[in-house]
Amino acid sequence: MSSKNGRRRRNDRRFPRGRGSVVLLAAALLSCAGSLAVVDKLKELQEHFDRANHAGAKIKDLQKLGALEFDAATQASKAGDFVAVGLIFEKYRDNVRQAFELLKKQEPDADRHPGGYRQLELEVRHGIREVEDTLLVAPEEVRPPLEIVRKDLIDMDDALIHLLFPRRTKDPAKVPPAAEAKP
């Protein structure tokens, strides 16, 4: 566009030249602050999880905490820090174990109170998937701790399934095979 005196009008929508680096610096500071905010939120949720004394509340906190821990593990794996990833998943496993023990103590009959058991089982399945996805990209030297965490989570998942769906009938008695007639 041009004005009356023939000069081109300046486009008001573009960035002034000196501000591009300021915008990049602000974005970098926000990303650092964002990761610090995630760490603070993770610490806050962990403290809330540790203080919870009811199994249902602990499981709900575990769901929120697990999502943040999985995000932190993803960021650490992208950065190549698989030792931190292992520590995050070990902490997650310990939190699951703590919630499971409290649930068994407060609501021992999964038949009458299946809600908490179902929520915990779904959360454990999600955790197993996250660990398995991480195992695919982890280097050989850090796989053994992640495999131990995976095995522990699978064992807890199997225990939850067994509590949710106990066998109602007895196993059929094995009948010995009939002796073959000799001609």
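Nothing fancy with the numbering, it's 1 onward along the sequence.
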Write out all pairs satisfying ring-ring contact (aromatic ring centres under 6.0 Å, His included) with one or both partners inside [range], taking only residues at least two apart or from two chains.
range            : value
residues 121-167 : Phe70-His126
residues 95-118  : none
residues 130-155 : none

Among pairs that include at least one residue of [range], which meet side-chain hydrogen bond (donor to acceptor under 3.5 Å, both in side chains), considering only residues two or more places apart or in two chains?
range            : answer
residues 145-156 : Arg93-Asp152, Glu132-Arg150, Lys151-Asp155
residues 55-67   : His48-Asp61
residues 78-92   : Tyr92-Glu123

Spell out, yes or no, whether [X] and [Y] are grouped together once hydrophobic residues are joined by side-chain heavy atoms under 4.5 Å, including indirect joins.
X      : Y      : value
Leu45  : Leu102 : no
Leu164 : Met156 : yes
Val83  : Ile148 : no

Qualifying residues under side chain to side chain contact (heavy atoms under 4.5 Å, CB included), relative to [X], sequence neighbours excluded:
X      : value
Asp158 : Ile154
Asp109 : Asp111, Arg112
Val137 : Phe82

Any salt bridge (charged side-chain N to carboxylate O under 4.0 Å, His left out) pairs touching residues 135-146, not counting sequence neighbours?
->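 Of all non-adjacent pairs touching residues 135-146, those that pass salt bridge (charged side-chain N to carboxylate O under 4.0 Å, His left out) are Glu140-Arg143.
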Could you pull out the closest heavy-atom pair between [X] and [Y], with the gap in Å?
X      : Y      : result
Leu153 : Val124 : O-CG1, 3.4 Å
Leu65  : Leu42  : CD1-CD1, 3.6 Å
Ala138 : Leu146 : CB-CD1, 4.0 Å
Ala76  : Val85  : CB-CG2, 3.7 Å
Ala99  : Ile59  : CB-CG1, 4.4 Å

When you look at Asp40 and Lys43, which way does the salt bridge (Lys or Arg N to Asp or Glu O under 4.0 Å) test go after all the steps?
-> CA-CA 5 Å; Asp40 289 341; Lys43 186 177 179 183; over 6 Å; no
So do Leu122 and Gln119 actually touch side chain to side chain, heavy atoms under 4.5 Å?
->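 Result no, sub-4.5 Å side-chain heavy-atom pair not found.
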For the residue pair Leu62 and Leu120, establish whether any side-chain heavy-atom pair is separated by less than 4.5 Å.
->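 The answer is yes; the side chains approach within 4.5 Å.
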Would you compute the distance between atom [atom1] of [X] and atom [atom2] of [Y] and round it to the nearest 0.5 angstrom?
X      : Y      : atom1 : atom2 : result
Leu68  : Ile88  : CG    : CD1   : 10.5 Å
Ser77  : Leu136 : OG    : CG    : 11.5 Å
Leu135 : Phe89  : CG    : CZ    : 8.5 Å

Could I get the full list of salt bridge (Lys or Arg N to Asp or Glu O under 4.0 Å) partners for Asp50, not counting sequence neighbours?
->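 Per chain and number, Asp50 pairs via salt bridge (Lys or Arg N to Asp or Glu O under 4.0 Å) with no residue.
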Just by distance, do the side chain of Gln98 and the backbone of Phe49 share a donor-acceptor pair under 3.5 Å?
->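 Checking the backbone N and O of Phe49 against the side chain of Gln98, no donor-acceptor pair under 3.5 Å is found.
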Among all residues two or more places apart in sequence or in another chain, which pass the side chain to side chain donor-acceptor pair (under 3.5 Å) test with Glu121?
->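 Glu121 satisfies side chain to side chain donor-acceptor pair (under 3.5 Å) with Arg125 only.
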